[in-house]
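Not measured: the values here are computed from a predicted model. When reading the values below, keep in mind they use all heavy atoms of this one structure, side chains included, and skip hydrogens, waters and symmetry mates.
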Amino acid sequence: MSNTPHELAEDFPQHVAAIRHLRATDGHFHRITEAYHEVNRALHRAETDIEPADDLRMQDMRKRRMALKDEIYGLLSRPEAVPDPVP
């Protein structure tokens with residue numbers, strides 16, 4: 001089992017600028033990335049036995065991290081709305 005932290009910038013290197021922009025401009029995106037980082041750090045501490053957790057708790061944290069990551073990717077990959085040109 002890998003105990004390497006799953007940082008968003010490492011997992012989505014092509015989206016680093018978009019991650020920074022959305023964290024600064026989109027409250028929902030900021031909240032879900034914060035939640036992702038919290039769960040990711042807690043899981044990393046559990047995997048490295050800094051703060052041990054039972055298997056069920058670790059499984060729940062992994063599922064939560066995956067769900068958040070899926071939502072983050074969905075927001076990163078959505079097409080941006082382009083305003084209509086003024087005639």
Side-chain angles (χ1 to χ4, degrees):
M1 181 65 51
S2 171
N3 60 16
T4 304
H6 294 259
E7 298 300 327
L8 291 173
E10 293 171 359
D11 289 344
F12 302 122
Q14 70 279 24
H15 294 293
V16 170
I19 291 169
R20 287 188 189 127
H21 172 72
L22 288 170
R23 281 182 53 84
T25 61
D26 184 325
H28 175 69
F29 189 83
H30 184 80
R31 283 188 297 279
I32 64 171
T33 56
E34 282 300 308
Y36 175 87
H37 287 303
E38 287 174 20
V39 132
N40 189 44
R41 285 188 293 264
L43 186 53
H44 182 65
R45 287 190 306 268
E47 289 175 340
T48 56
D49 288 329
I50 293 170
E51 293 179 15
D54 63 29
D55 290 343
L56 184 59
R57 174 76 176 127
M58 288 179 64
Q59 182 181 28
D60 287 345
M61 287 190 288
R62 284 187 186 107
K63 286 179 182 178
R64 175 75 175 138
R65 180 176 66 185
M66 187 183 314
L68 288 165
K69 192 173 187 177
D70 286 347
E71 184 176 358
I72 290 165
Y73 181 72
L75 293 171
L76 288 172
S77 60
R78 70 181 174 201
E80 291 296 317
V82 178
D84 291 331
V86 178

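Taking each heavy atom of His15 and Tyr73 in turn, the nearest pair found is NE2-CE1, 4.2 Å. Residues Arg23 and Phe29 share a closest heavy-atom pair of N-CD2, 3.6 Å. The shortest heavy-atom contact between Val39 and Met61 is CG1-O, 3.7 Å. Closest non-hydrogen pair, Ala18 versus Leu76, comes out as CB-CD2, 3.9 Å. Considering every non-hydrogen atom in both Asn40 and His6, the closest pair reads ND2-O, 3.2 Å.
With values rounded to the nearest 0.5 angstrom, Leu68 atom CG is found 10.5 Å from His37 atom NE2. The CD1 atom of Ile72 sits 10.5 Å away from the CG atom of Leu22 when rounded to the nearest 0.5 Å.
Proximity of His44 to Ile50: side-chain heavy atoms (C-beta onward) are nowhere separated by under 4.5 Å. Using a 4.5 Å heavy-atom threshold, the side chains of Ile32 and Leu75 count as touching.
Other residues, nucleotides and ligands place no more than 12 heavy atoms under 6.0 Å from the CG atom of Asp55.
Salt bridge status for Asp11 with Arg65: absent, with no side-chain N to carboxylate O gap under 4.0 Å. Salt bridge Glu51/Arg41: absent, no basic N to carboxylate O contact under 4.0 Å.
With hydrogens and angles left out, the side-chain atoms of His28 and Glu71 include a donor and acceptor closer than 3.5 Å.
Residues Leu43 and Leu8 are members of separate hydrophobic clusters, defined by side-chain heavy-atom contacts under 4.5 angstrom among Ile, Leu, Val, Met, Phe, Trp and Tyr.
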